[in-house]
Amino acid sequence: MKLNERSLAFYATCDSPADNSGFLYKRGERHTAYHRRWFVLKGNMLFYFEERDSREPVGVIVLEGCNVELCESAESFAFAIRFGGIKSRTYVLAAESQEAMESWVKSLSRASFDYMRLVVRELEKQLQEMSRGLAEGRGGSREPQPSGLEQSRERVPALPAILPKENGCAVWNNVLGAERLPDTSGCGGHDEEGSPRPPPLPPRRRVSNGEAASAGAAVAESPSTFCRLHEQYSREVARLRQDWQQRRRGPRP
């Protein structure tokens, strides 16, 4: 990404939140006199202005490959930004109070990309250790329970891929595990010669408006499958979180 003076000036003065800002005394490069400047820290860039209301920054310091440390100086509360290399410049700054100096040293030390990369690696390591400890704790204490989705699948009976047919009609009583009820009406089953007969068609009847409305209300009131799965997963996550918190606190005395 290429940056020019205009883009840097816009970024320094835009409404994006700053990591730190305030007045600091900056020692000149050629002359040892200190000048009061307004500093704004955004990301890994430290901008400084002549005044707080200045429209453009006087300069910018890219905080990569540097160390922020306290130093001895004629001004109180002084610290330095040192870069590696023989011809690299060292920026000497001074705050107006001990609290301001500590705040600036802390924020400048954490502004570089290298520091953020170390923080991300440390967080990833802690996350892996927590996941490993949680898995070992669950395996040592008790057997893992099936999740809500697996329980819902176990409750649903499995249907055969191809339903058996009699005389060209599917027979639902032939599902695995289902028993066939004896036919006492004489309308189905087998005829006198022993050949199977198709089941009779059910009689049609008209549905009244009241019955249709009640059926529609019952369908609307019944919870959907998504709601049931959501509740089951919510209970599972809450239980896992409670177990993890109890193991983190340790055994009660």
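These figures come from a predicted structure and were not determined experimentally.
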Name every donor-acceptor pair, under 3.5 Å, that has one atom in a side chain of residues 14-24 and the other anywhere in the protein, sequence neighbours excluded.
| from | atom 1 | to | atom 2 | distance (Å) |
| --- | --- | --- | --- | --- |
| Ser16 | OG | Lys42 | NZ | 2.9 |
| Asp19 | OD2 | Gly43 | N | 2.9 |
| Asn20 | ND2 | Ser103 | OG | 3.4 |
| Asn20 | ND2 | Ser107 | OG | 3.2 |

Problem - Note: Lys125-Glu122 ion pair, threshold 4.0 Å (strictly below) - result: no

Handout entry: Check: Glu102/Gln98 side-chain N/O donor and acceptor closer than 3.5 Å
Key = yes

Exercise for the section: Report the C-alpha separation of Ser73 and Tyr34 in whole Å, then their side-chain angles, then the decisive distance to 0.1 Å, and conclude whether the side chain to side chain contact (heavy atoms under 4.5 Å, CB included) test is met. Expected result: CA-CA 11 Å; Ser73 176; Tyr34 283 83; 2.3 Å; yes

Handout entry: Passing option when Arg36 is tested against Glu50, Glu96, Lys26, Glu51 for side-chain contact (heavy atoms from CB on, under 4.5 Å)
Key = Glu96

Fill in the blank from the handout: Taken to the nearest 0.5 Å, the spacing of Asn44 CG from Ile61 CD1 works out to 12.0 Å

Handout entry: Audit row: Leu240, Leu134, side chain to side chain contact (heavy atoms under 4.5 Å, CB included) steps and yes/no
Key = CA-CA 9 Å; Leu240 292 176; Leu134 182 61; 5.6 Å; no

Exercise for the section: Mind jotting down which residue pairs meet the salt bridge (charged side-chain N to carboxylate O under 4.0 Å, His left out) criterion with at least one end in residues 71-88? Sequence neighbours excluded, please. Expected result: Glu69-Arg82

Completion exercise
By salt bridge (charged side-chain N to carboxylate O under 4.0 Å, His left out), Arg89 pairs with (sequence neighbours left out) Glu29

Completion exercise
In terms of heavy-atom contacts, Phe49 and Val40 come closest through CE1-CG2, 3.9 Å

Practice task
Dump the intermediate steps for side chain to side chain contact (heavy atoms under 4.5 Å, CB included) on Leu8 and Glu5, then the final yes or no.
Solution key: CA-CA 5 Å; Leu8 284 176; Glu5 294 182 1; 5.8 Å; no

Handout entry: Reference residue Val68; test side-chain contact (heavy atoms from CB on, under 4.5 Å); the match among Leu108, Leu93, Leu63
Key = Leu108

